[in-house]
Amino acid sequence: MKNRNNNIIYNKTFFENDVLKVAPNLLGKYLAINTDKIQNKYKITEVEAYRGEEDSACHASKGRTERCEIMYSSGGHIYVYLIYGMYWMLNIVTGRTGNPQAVLIRGLEGLDGPGKITRKLGIDKSYYGENLLVSNRIWLENQNENAEYITGKRIGIDYAGEYWKNKHWRFILNVK
DNA sequence: AGCAAGATCGGT
DNA sequence: CCGATCTTGCTG
């Protein structure tokens, strides 16, 4: 797994679907990272969907800002931001241009927690805007086509209000 | 220019 | 439960 291989690169269409379709489809797929520090693949086990300006938990709920601008780009780009002054959050932009959506990567196999993931993989602001479709240091590889999963409420968004905070937009891979 | 809040984590 | 830690976006 030193480089991108031709068989298992996702096409643009995969990421341009609605976030509520893409998010569960990421479960069981592999996140590949290839830098001088780390070369590995990790099965994606837990994700959360953030969907559009109407979603008050979504960073785009206040409209375009410098931070969330990348969410308005086409699916397949990487959205990274710093939270609590300490932890980088890794997101995959979904949907078509002008439609702000993203999937937060919360868990990888043997590595639970969005902050721990980026710390382990060395992901920081330099990944902002990276494109999974062409990048040579981060990409996705296909494995399970139809992974089974359960859903739950999104974590850490109590500020979003009852309606949005109660949506079951967290997707967790079923462990057999 | 100042300030409050935050898609977290680890230790009490 | 609480503190760490600092960028961002909003207010004035």
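Within every chain, numbering begins at 1; the chains are lettered A, B, ... in the order of the sequence lines, protein sequences first and strands thereafter. Both backbone and side-chain heavy atoms feed into the values below; hydrogens, waters and symmetry mates do not.
Scanning DNA chain C 5' to 3' for nucleotides with an atom closer than 4.0 angstrom to a non-hydrogen atom of chain A gives a first and last hit of dA4(C) to dC10(C).
Of the possible polar contacts, none joining the R106(A) side chain to the D112(A) backbone as a donor-acceptor pair under 3.5 Å is found. Judged purely by atom type and a 3.5 angstrom limit, R67(A) has no side-chain atom pairing as donor or acceptor with the backbone of L82(A). Without hydrogens or angle criteria, Q101(A) side chain to V19(A) main chain gives a donor-acceptor distance under 3.5 Å. With hydrogens and angles disregarded, no donor-acceptor distance shorter than 3.5 Å links the side chain of T151(A) to the backbone of W169(A).
The base-pairing partner of dT5(C), taking Watson-Crick or G-U wobble contacts with both distances under 3.5 Å, does not exist among the strands shown. When both distances must be under 3.5 Å, the Watson-Crick or G-U wobble mate of dA7(B) does not exist.
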Produce the list of close N/O pairs, under 3.5 Å, pairing protein atoms with atoms of nucleotides 4-6 of chain B; give distances to one decimal.
none

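Contact annotation: R119(A) side-chain N/O to dG10(B) OP1/OP2 distance is under 4.0 Å.
As rounded to whole Å, 14 Å separates atom P of dT8(B) from atom CD1 of I105(A). When the P atom of dT8(B) is taken as reference, atom CG of L111(A) falls 15 Å away, rounded to whole Å.
Between K29(A) and E141(A) no salt bridge is recorded (no basic side-chain N to carboxylate O distance below 4.0 Å). Note on E130(A) versus R137(A): salt bridge recorded, some NZ/NE/NH1/NH2 to OD/OE distance being below 4.0 Å.
For H59(A) and Y50(A), the ring centers sit 6.0 Å or farther from each other.
Within the nucleic acid shown, K125(A) comes within 4.0 Å of sugar-phosphate atoms alone, with no base atom in reach, counting heavy atoms only. Using a 4.0 Å heavy-atom criterion, one finds that M89(A) contacts the sugar-phosphate atoms exclusively.
Each of E69(A), R64(A), R51(A), M71(A) was scored for a side chain to side chain contact (heavy atoms under 4.5 Å, CB included) with P100(A), with one residue passing: M71(A).
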